[in-house]
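The structure appears right after this line, and notes come after that.
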Amino acid sequence: MNQQDIEKAAQMILAAREVVVFTGAGVSTESGIPDFRSPDGIWSRYDPEDFTIQRFIASKEARKRNWRLREELIAANYQPNPAHIAIADLERMGKLRCVITQNIDGLHQAAGNSPDRVIEIHGTIKFAKCLECDKRFPITDVLQRIKNGDEDPHCEVCGGLLKAATISFGEAMPQKEMYEAEKASRECDLFIVIGSSLVVYPAAQLPIIAKRSGAKLIIVNFTPTDQDSMADLVLHGKAGEVMSAILEKVREKVS
Ligand code: NAD
């Protein structure tokens with residue numbers, strides 16, 4: 001970790017009026033949740049095609065594999081790591097406008113971010129939704145039904161197909177969340193990307209919107225991204241270590 005970069009990031013946070021944090025799967029790998037695209041990521045064990053809305057609707061076998069991944073993620077009872085805690089600290093310091101997350105794991109709220117400051121643009125694994133009537137059910141209830149032998153659960157209200165309340169490939173992005181995410185990206189003066197490969201659009205458009213609207217951009221990621229050349233500061237390292245070091249530096253400077 002380059003100490004000059006940590007110092008620079010801390011100064012940028014202190015100088016900012018309103019920070020937006022944008023997170024991807026890489027913020028949660030230190031909690032034990034694999035990302036999609038790393039060599040041991042989720043796509044090394046599951047077929048991404050099964051996670052298209054079209055395949056989910058068409059194939060009972062794909063739905064069963066889909067529920068198996070949900071079951072795996074819920075059963076593991078993942079906990080926030082130092083990167084989530086550092087982001088929650090930004091809110092406690094009064095610096096954070098919101099966290100825009102592509103993650104579905106709920107770990108920002110578990111770390112202490114207020115639910116109304118977490119914009120989940122790819123949905124949440126905490127609920128299942130009916131694809132017909134939109135009614136939501138706690139995912140643990142639906143997984144229990146599966147455990148009890150209902151291997152292809154349908155809505156108890158209208159009989160429609162149930163699916164985890166996450167956004168599948170080919171499914172429309174949630175309008176309200178995308179509106180709020182774009183607005184926050186336009187209005188903030190510091191945008192921090194943490195743990196995202198920035199290849200999934202339209203989510204990856206948000207740092208571009210922020211930068212074009214005049215915000216400074218920091219990218220914290222293991223590996224280079226296509227947007228590194230646009231950033232004011234790029235830190236290649238583990239999100240937990242980098243974010244803890246930055247927040248420690250911020251605290252040092254305000255005390
Ligand atoms: P991605 O898998 O495309 O990219 C993750 C990036 O994080 C990679 O560039 C990797 O180098 C980096 N990374 C991994 N571990 C890191 C660490 N400890 N510190 C810093 N960087 C690290 O993920 P993405 O950009 O979020 O986009 C793909 C989709 O993945 C999103 O839609 C998201 O919904 C979904 N996803 C979410 C979870 C979750 O909720 N935890 C898990 C897997 C995938």
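Note: hydrogens, waters and symmetry copies are ignored here, and every other heavy atom, side chains too, is used. One-based numbering, in listed order, for ligands and for the atoms of each. Sequence positions, counted from 1, serve as the residue numbers for this chain.
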Open item on the list: Can you tell me which residue among Lys126, His84, Glu120 is in a side-chain hydrogen bond (donor to acceptor under 3.5 Å, both in side chains) with Gln109?
Closed with: Glu120
Any idea which part of [X] is under 4.0 Å from ligand 1, heavy-atom wise: side chain, backbone, both or neither?
X	result
Asn103	both
Ser28	side chain
Ile33	side chain
Gln102	both

Open item on the list: Parallel, tilted or perpendicular: which one describes the rings of Phe36 and Trp43, with boundaries at 30° and 60°?
Closed with: parallel
For [atom], find the nearest protein heavy atom and state the residue, atom name and distance (0.1 Å precision).
atom	result
atom 25 (O) of ligand 1	Ser196 OG, 2.8 Å
atom 24 (P) of ligand 1	Ala25 N, 3.8 Å
atom 11 (O) of ligand 1	Thr223 OG1, 2.7 Å
atom 14 (C) of ligand 1	Asp35 OD2, 3.4 Å
atom 19 (N) of ligand 1	Ala239 N, 2.8 Å
atom 21 (N) of ligand 1	Phe222 N, 3.1 Å
atom 13 (N) of ligand 1	Gly26 CA, 3.6 Å
atom 31 (C) of ligand 1	His122 ND1, 3.5 Å

Close N or O approach ([X], ligand 1; < 3.5 Å):
X	result
Ile104	yes
Val200	no
Phe36	yes
Lys238	no

Looking only at atom types and distance, does a side-chain atom of [X] sit under 3.5 Å from a main-chain N or O of [Y], one as donor and one as acceptor?
X	Y	result
Arg117	Leu96	yes
Glu91	Gly112	no
Gln227	Ala204	yes

TODO: Verify the distance criterion only: is there a donor paired with an acceptor across the side chains of Gln3 and Glu7 at less than 3.5 Å?
DONE: no
TODO: Answer with yes or no whether the side chains of Asn103 and His108 bring together a donor and an acceptor at under 3.5 Å.
DONE: no
Open item on the list: With a 4.0 Å cut-off on heavy atoms, is Gly237 in contact with ligand 1?
Closed with: yes
Task: Test item, Gly195 contacting ligand 1 (heavy atom, 4.0 angstrom) - done: yes
With heavy-atom distances below 4.0 Å as the criterion, list the atoms of ligand 1 near [X].
X	value
Pro34	42 (C), 43 (C)
Glu30	17 (C), 18 (N), 19 (N)
Thr29	14 (C), 15 (N), 16 (C), 17 (C), 18 (N)
Asp105	39 (C), 40 (O), 41 (N)
Gly24	26 (O)
Asn221	6 (C), 7 (O), 8 (C), 9 (O), 11 (O), 12 (C), 21 (N)

For [Y], is there an ion pair with [X] - N to carboxylate O distance below 4.0 angstrom?
X	Y	value
Glu180	Lys183	no
Glu248	Arg251	no
Lys211	Asp232	yes
Asp5	Lys8	no
Arg45	Glu72	yes
Glu151	Lys60	yes

Task: Identity of the nearest option to atom 3 (O) of ligand 1, non-hydrogen atoms only, from Ser31, Ser197, Gly123 - done: Ser197
- [ ] With rounding to the nearest 0.5 Å, note down the distance linking CG in Leu190 to CG in Leu14.
- [x] 10.5 Å
Task: Heavy-atom neighbours of Lys253 NZ exceed 12 at 6.0 Å - done: yes
